[in-house]
Protein chains: 2
Amino acid sequence: MKVSANSRAPQAAPLPVDLADGVFPAGCPSRTVLDHVTSKWGVLILLALSEGEQRWSDLRRRAEGISEKMLAQTLKTLERDGLVRRDAQPVIPPRVDYSLTERGYELSALLVPLVAWAFENAEDIVNGQR
Amino acid sequence: MKVSANSRAPQAAPLPVDLADGVFPAGCPSRTVLDHVTSKWGVLILLALSEGEQRWSDLRRRAEGISEKMLAQTLKTLERDGLVRRDAQPVIPPRVDYSLTERGYELSALLVPLVAWAFENAEDIVNGQR
DNA sequence: GTTGGCACTAACTTTCATGTGAGTACCTTA
DNA sequence: TAAGGTACTCACATGAAAGTTAGTGCCAAC
């Protein structure tokens, strides 16, 4: 699946034109979105939810180390961005389910391979700081 | 190209087992790598370099808004992580070329679609904060 | 002869993301 | 009756990330 070591050196590929022109300018919205999505906890939450609907307390346990404040904040941002759906049932004790929207699934589909790569290469990278 | 609205709701997919168990724990190396890679400027630099070797001052102009300090810092981190190669020629005036390593290219291949998605959806997302 | 480009480093400051701890309202179980 | 779970919010503290300013050595062009 890799281009193979001897066939050719890693290739530089031109980016799509609109991307090349669009992402780099300072004030562009994609930078904001990228910031939300690639925030410390954003990735983890999106990833966790890619496995399906989950409750507040599930997420809290899942994303090890997150504080309640950051969980609330991250979820709120992702909800405002239309990536996460919040479903609060008026029962007692409270029950709130979080899930990805269609757009959220689109994103997580791109995020999963990235995180998988990071996971696979993490040890090499962290150790190999020559 | 979309799964279509009526066929089925967006599907939850189980993550690869090792990923599901590996990424969420607090102290795991993948979190560090993810932090480097998804840092504000890391993404931009990796993206810029995916188009091929570039000089310091090229990058500085390309990643609009970056300070010299942040450029140096980001490049250093990515170099230590083995994603970026630094080639300093002993000429005057100094000339330093930066390029991606093979591992860097692997990463950028995953990053490009993500950024492209962010770019395409950015306006919708930023405006549609209902 | 001074301005400017090149590729940086270092010191200092500000801003912002994240963390901490407490409090809320209600109910269940011990 | 006290402890604990559920899903939060709010005020405050801290620390890391990012920005700012200045300075380096050398050369070329003006």
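Below, read A as the first sequence line, B as the second, and so on, with proteins coming before strands; counting in each chain starts at 1.
Across the protein-nucleic acid pair, A:R60 atom CZ and D:dT6 atom P stand 11 Å apart, rounded to whole Å. Straight-line distance from the CG atom of A:D35 to the C1' atom of D:dA18: 12 Å, rounded to whole Å. Atoms CG (A:L75) and P (D:dA7) sit 11 Å apart, rounded to a whole Å. Rounded to an integer number of Å, the gap from B:I66 CD1 to C:dA7 P is 14 Å. Straight-line distance from the CE atom of B:M70 to the P atom of D:dT21: 17 Å, rounded to whole Å. Atom CG in A:D87 sits about 17 Å away from atom P in D:dT6, given to the nearest Å. The CG atom of A:L71 sits 17 Å away from the P atom of C:dA17 (whole-angstrom rounding). One interatomic measurement links the two molecules: CG of B:D97 to C1' of C:dA7, which rounds to 12 Å at whole-angstrom precision.
Note on A:W41: a side-chain N or O is less than 4.0 Å away from OP1 or OP2 of C:dG19. Listed pair A:S39 / C:dA17 fails the phosphate criterion, with no side-chain N or O lying under 4.0 Å from OP1 or OP2. Between B:S67 and the phosphate of D:dT20, there is no side-chain N or O to OP1/OP2 separation shorter than 4.0 Å.
Closest contact between the side chain of B:W56 and the listed nucleotides D:dT6, C:dA7, D:dA18 involves C:dA7. Candidate nucleotides C:dA7, D:dG19, D:dA7 were compared by shortest atom distance to the side chain of B:V96, and C:dA7 ranks first. Distances from the side chain of B:R86 to the nucleotides C:dG19, C:dA7, D:dG19 place C:dA7 closest.
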Test salt bridge (Lys or Arg N to Asp or Glu O under 4.0 Å) on A:R85 and A:E102 and set out the steps. CA-CA 10 Å; A:R85 186 181 303 115; A:E102 190 158 349; over 6 Å; no
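B:A109 meets the side-chain contact (heavy atoms from CB on, under 4.5 Å) test with no other residue; sequence neighbours excluded. Listed by chain and residue number, A:R95 satisfy the salt bridge (charged side-chain N to carboxylate O under 4.0 Å, His left out) test with A:D97 (two or more places apart in sequence, or in another chain). Judged as a side-chain contact (heavy atoms from CB on, under 4.5 Å), and not counting sequence neighbours, the contacts of B:T77 are B:H36, B:D81. B:A72 is linked by a side-chain contact (heavy atoms from CB on, under 4.5 Å) to B:W56, counting only residues two or more places apart in sequence or in another chain. Residues forming a side-chain contact (heavy atoms from CB on, under 4.5 Å) with A:L59 (at least two apart in sequence, or on another chain): A:A48, A:L49, A:Q54, A:L71, A:L75, A:Y98.
No hydrogens or angles were tested; on distance alone, nothing pairs the side chain of B:K40 with the base of D:dA17 as donor and acceptor under 3.5 Å. If you check distances only, the side chain of A:K69 never reaches the base of D:dT9 with a donor-acceptor pair under 3.5 Å.
Heavy atoms of B:R95 sit under 4.0 angstrom from primed sugar atoms or phosphate atoms, though from no base atom.
Side chains of B:L83 and B:L100 form no contact here, defined as non-hydrogen atoms less than 4.5 Å apart.
A:E64 has no carboxylate O lying under 4.0 Å from a charged side-chain N of B:R31, or vice versa, which leaves the two without a salt bridge.
Nearest-nucleotide positions on DNA chain C for A:Q73 and B:R55 put B:R55 closer to the 5' end.
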Counting primed atoms, P, OP1 and OP2 as sugar-phosphate and everything else as base, the B/S/- map of nucleotides 22-30 of chain C against protein heavy atoms under 4.0 Å is ----SS---
